[in-house]
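These notes are about the structure you will find just below.
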Amino acid sequence: MTLKTISLAAVTLCAFAAPALGHHSFAMFDAEKTVTMAGTVKEFEWTNPHSWLRIMVEDQTGKTLQWALEMGSPGQQARVGWKPDSVKVGDKVTVTIHPLKDGSRGGQFMSAVLPGGQRLGNGGQRNNPLGE
């Protein structure tokens, strides 16, 4: 009976661990392209497993559109200087991203220039936190 219980527990553990293996895919981002844009902070989510920066960017026609930028975890971001209050709603920022391959308005955050001129990178990028 004990062997059955241990086997069932092991299989259950593996089943729950499998989705976590696929979590860190960056296939949706175009790492061959880098886009820099200026915008206004709409929201900054300091949350696990990834922080998010949502900015409003004016397109070529003058229409303001929301962009959703995926960042590293709060712990990773803190290691490169980010704080929960690094940006506030209404702040003007310039961001550099790897855009989504499907062309929708989003991307992998690489770096930002904040209102005071401070430049912060993506703590989720081990080799180059400023995305350069």
Side-chain angles (χ1 to χ4, degrees):
M1 184 70 169
T2 304
L3 182 58
K4 281 185 179 182
T5 304
I6 292 172
S7 296
L8 179 61
V11 168
T12 303
L13 182 62
C14 288
F16 282 107
L21 295 174
H23 171 79
H24 289 284
S25 172
F26 295 99
M28 72 275 256
F29 303 117
D30 189 345
E32 300 299 316
K33 289 185 185 176
T34 302
V35 176
T36 300
M37 63 183 82
T40 304
V41 174
K42 179 181 180 186
E43 182 180 24
F44 179 47
E45 285 184 53
W46 187 259
T47 185
N48 278 312
H50 297 276
S51 296
W52 287 87
L53 179 61
R54 290 182 178 78
I55 62 172
M56 302 303 290
V57 177
E58 194 172 296
D59 71 6
Q60 299 88 348
T61 68
K63 185 176 179 181
T64 304
L65 303 169
Q66 179 177 299
W67 282 72
L69 311 177
E70 185 174 352
M71 304 172 79
S73 70
Q76 292 170 325
Q77 295 308 106
R79 283 193 292 273
V80 296
W82 283 92
K83 299 176 186 158
D85 61 353
S86 290
V87 292
K88 295 173 183 53
V89 173
D91 282 353
K92 305 285 186 205
V93 296
T94 300
V95 298
T96 301
I97 66 167
H98 288 313
L100 288 165
K101 286 181 180 177
D102 69 3
S104 57
R105 293 183 309 274
Q108 178 186 21
F109 173 83
M110 303 302 294
S111 66
V113 178
L114 306 185
Q118 180 183 19
R119 185 175 173 140
L120 293 175
N122 184 357
Q125 293 225 278
R126 299 207 184 274
N127 296 335
N128 199 344
L130 284 177
E132 298 173 322

For this session: Treat each ILVMFWY residue as a node, draw an edge where side-chain heavy atoms are under 4.5 Å apart, and state whether V80 and V87 are in one component.
Result: yes

Exercise. Mind checking whether I97 and V57 sit in one hydrophobic cluster, side chains of I, L, V, M, F, W, Y counted as touching below 4.5 Å?
Worked result: yes

Could you grab the distance from atom [atom1] of [X] to atom [atom2] of [Y], nearest 0.5 Å is fine?
| X | Y | atom1 | atom2 | value |
| --- | --- | --- | --- | --- |
| S51 | Q76 | OG | CD | 9.0 Å |
| R54 | E45 | CZ | CD | 4.5 Å |
| T96 | M37 | OG1 | CE | 9.0 Å |
| L53 | E70 | CG | CD | 12.0 Å |

For this session: Identify, with sequence neighbours excluded, every residue that meets side chain to side chain donor-acceptor pair (under 3.5 Å) alongside K92.
Result: T40

Exercise. Which residues pass the side chain to side chain donor-acceptor pair (under 3.5 Å) test with N48, sequence neighbours left out?
Worked result: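 Per chain and number, N48 pairs via side chain to side chain donor-acceptor pair (under 3.5 Å) with no residue.
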
Closest approach of [X] to [Y] (non-hydrogen atoms, all atoms of both residues):
| X | Y | result |
| --- | --- | --- |
| A112 | V95 | CB-CG1, 4.0 Å |
| W46 | P84 | NE1-CG, 3.6 Å |
| M71 | N122 | C-OD1, 4.1 Å |
| K88 | D91 | N-OD2, 2.8 Å |
| V35 | P99 | CG2-CG, 3.8 Å |

Problem set entry | Other residues, nucleotides, ligands: >12 heavy atoms within 6.0 Å of K101 NZ | yes

Exercise. Heavy atoms, side chains only, cut-off 4.5 Å: are P115 and V93 in contact?
Worked result: yes

Exercise. So do the side chains of R119 and L114 get within less than 4.5 Å of each other, counting heavy atoms only?
Worked result: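 They are not in contact (no side-chain heavy atoms under 4.5 Å apart), so the answer is no.
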
For this session: Just say parallel, tilted or perpendicular for the rings of W82 and F109, cut-offs at 30° and 60°.
Result: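 Because their plane-to-plane angle is over 60°, the rings of W82 and F109 count as perpendicular.
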
Exercise. Distance-only, no hydrogens or angles: does the H50 side chain make a donor-acceptor pair with backbone N or O of G72 under 3.5 Å?
Worked result: no

For this session: Say whether, by atom type as modelled, one donor and one acceptor occur between the side chain of D102 and the main chain of M28 under 3.5 angstrom.
Result: no

Which donor-acceptor pairs under 3.5 Å do side chains of residues 62-69 form with protein atoms, sequence neighbours excluded?
{"unit_1": "Q66", "atom_1": "OE1", "unit_2": "K42", "atom_2": "NZ", "d": "2.7"}

